[in-house]
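Heads up: numbering here begins at 1 and tracks the sequence.
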Amino acid sequence: MKRAMLVVPLVTSLMLFGAAFAPAQASFQDDVINAATNMIERSDVPKALGTMGKSTGFTFEQPQPQAILCFKAEEILITGKYSQQAIAFFSLGNSNTVAQNIMQFKRPKAAAKSFAQLAKDIRKCNGTQTNSTQNTDGSTFTTSQVNSTGTLKTASAGGGKPVFLLNSVSTSGQYESGQRFDAGYTVYSLAKNVISAITHQPKIGVNLTNKTQKAVDQLSMKAAARWVS
């Protein structure tokens with residue numbers, strides 16, 4: 001499945017990937033400590049977003065592949081040089097997921113520059129993607145994803161107004177195989193030397209409501225505030 005959002009590996013236990021096996025460096029150790037101290041916890045997830053289950057995924061990457069805003073004719077990436085940390089809470093067998101992706105820059109100025117570019121580039125994600133697949137019985141399954149972006153009215157504790165990417169889906173026919181788009185909602189916030197992305201992906205076939213979007217907005221504000229406290 002192609003997801004128009006930051007993708008978090010879903011694993012069944014707490015794991016550390018990537019440069020964790022590289023020789024220890026002060027900046028790397030600081031980034032790991034900051035991630036472990038400041039990232040969201042399961043208890044932070046609003047009840048409005050549903051039951052997350054007991055599964056947790058965690059990744060840390062340094063140096064990083066650049067984070068993806070969305071997929072269009074080509075991948076639209078978040079610019080700059082940063083390390084990445086991601087944590088996700090989810091249920092096995094259920095795509096209902098809440099995740100936080102953190103992009104840590106060496107300096108607040110670099111984070112602010114990247115966030116300003118992100119706020120411009122995210123508009124490229126607007127539009128509709130549709131895919132049709134023919135099933136073995138000759139019937140057709142069609143799935144469409146409408147991507148819309150915007151800016152929240154309230155500035156985060158880190159300064160600046162967060163921006164969002166909303167993915168809504170519709171389907172027709174019986175799904176058998178092929179590409180299937182998912183609904184989701186991601187809010188990007190700036191906090192000191194960090195860009196924080198909070199993503200909620202509901203159950204397959206379910207779109208977000210105003211209530212669930214507001215819950216993600218509130219969680220994004222809470223998450224960003226931790227990096228400036």
Side-chain angles (χ1 to χ4, degrees), residues 1-8 48-49 64-80 82 84 86 88 95-103 111-133 141-156 158-173 175 178-191 194-221 223-224:
M1 300 178 188
K2 186 173 283 189
R3 303 172 187 268
M5 62 185 72
L6 295 175
V7 180
V8 178
L49 301 183
Q64 89 300 333
Q66 285 186 304
I68 300 169
L69 274 173
C70 63
F71 300 90
K72 297 293 283 188
E74 58 184 2
E75 294 177 346
I76 299 174
L77 305 173
I78 298 177
T79 61
Y82 44 84
Q84 281 192 71
S95 65
N96 190 44
T97 303
V98 171
Q100 181 183 26
N101 278 57
I102 287 294
M103 286 133 278
K113 181 179 179 181
S114 179
F115 188 79
Q117 188 63 47
L118 185 163
K120 294 179 180 179
D121 289 345
I122 200 170
R123 300 170 192 168
K124 300 176 184 178
C125 300
N126 288 321
T128 301
Q129 301 178 79
T130 300
N131 185 71
S132 295
T133 305
F141 172 78
T142 300
T143 178
S144 294
Q145 182 185 70
V146 178
N147 304 323
S148 57
T149 62
T151 303
L152 298 188
K153 295 181 179 180
T154 304
S156 68
K161 294 182 179 180
V163 296
F164 67 82
L165 170 61
L166 174 64
N167 315 119
S168 300
V169 296
S170 61
T171 62
S172 64
Y175 175 72
Q179 185 179 29
R180 178 171 183 160
F181 296 113
D182 296 318
Y185 181 58
T186 301
V187 179
Y188 299 90
S189 304
L190 176 65
V194 159
I195 294 177
S196 170
I198 297 292
T199 297
H200 173 50
Q201 188 169 23
K203 297 178 181 178
I204 291 175
V206 176
N207 284 312
L208 282 95
T209 63
N210 288 335
K211 182 178 180 179
T212 52
Q213 282 184 241
K214 288 180 180 179
V216 177
D217 295 343
Q218 292 169 358
L219 179 58
S220 71
M221 294 292 185

Atom pair [atom1] ([X]) and [atom2] ([Y]), whose distance is rounded to the nearest 0.5 Å:
{"X": "Lys72", "Y": "Gln129", "atom1": "NZ", "atom2": "CD", "answer": "5.5 Å"}
{"X": "Ser196", "Y": "Tyr188", "atom1": "OG", "atom2": "OH", "answer": "10.5 Å"}
{"X": "Phe181", "Y": "Thr130", "atom1": "CZ", "atom2": "OG1", "answer": "7.0 Å"}
{"X": "Gln145", "Y": "Leu166", "atom1": "CD", "atom2": "CG", "answer": "9.5 Å"}
{"X": "Ile78", "Y": "Gln66", "atom1": "CD1", "atom2": "CD", "answer": "9.0 Å"}
{"X": "Met221", "Y": "Ile198", "atom1": "CE", "atom2": "CD1", "answer": "11.5 Å"}

Under 3.5 Å, side chain of His200 to main-chain N/O of Thr97, donor-acceptor pair present? yes
Side-chain (Tyr175) to main-chain (Thr171) donor-acceptor, under 3.5 angstrom: no
With sequence neighbours excluded, what pairs up with Asn126 under the side-chain hydrogen bond (donor to acceptor under 3.5 Å, both in side chains) test? Thr149
Looking at residues at least two apart in the chain, or sitting in another chain, which of them share a side-chain hydrogen bond (donor to acceptor under 3.5 Å, both in side chains) with Ser114?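 For Ser114 there are no side-chain hydrogen bond (donor to acceptor under 3.5 Å, both in side chains) partners, ignoring immediate neighbours.
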Within the 4.5 Å heavy-atom criterion, are [X] and [Y] side-chain neighbours or not?
{"X": "Asp182", "Y": "Asn167", "result": "no"}
{"X": "Lys214", "Y": "Thr209", "result": "no"}
{"X": "Val98", "Y": "Leu219", "result": "yes"}
{"X": "Leu77", "Y": "Ile68", "result": "yes"}
{"X": "Leu165", "Y": "Cys70", "result": "yes"}

Considering all heavy atoms, the nearest [X]-[Y] contact:
{"X": "Ala215", "Y": "Ala48", "answer": "CB-CB, 4.0 Å"}
{"X": "Ala197", "Y": "Thr186", "answer": "CB-CG2, 4.0 Å"}
{"X": "Ala67", "Y": "Met103", "answer": "CB-SD, 3.9 Å"}
{"X": "Gln100", "Y": "Ala223", "answer": "NE2-CB, 3.6 Å"}
{"X": "Asn96", "Y": "Pro202", "answer": "OD1-CA, 3.6 Å"}
{"X": "Ala183", "Y": "Asn207", "answer": "CB-OD1, 3.4 Å"}

Working for side-chain contact (heavy atoms from CB on, under 4.5 Å), residues Leu69 and Leu118: CA-CA 8 Å; Leu69 274 173; Leu118 185 163; 4.0 Å; yes
Hey, can you tell me if Tyr185 and Phe164 have their rings parallel, tilted or perpendicular (30° and 60° cut-offs)? tilted
Which pairs, with at least one residue in residues 111-121 and sequence neighbours excluded, count as a salt bridge (charged side-chain N to carboxylate O under 4.0 Å, His left out)?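 For residues 111-121: Asp121-Lys124.
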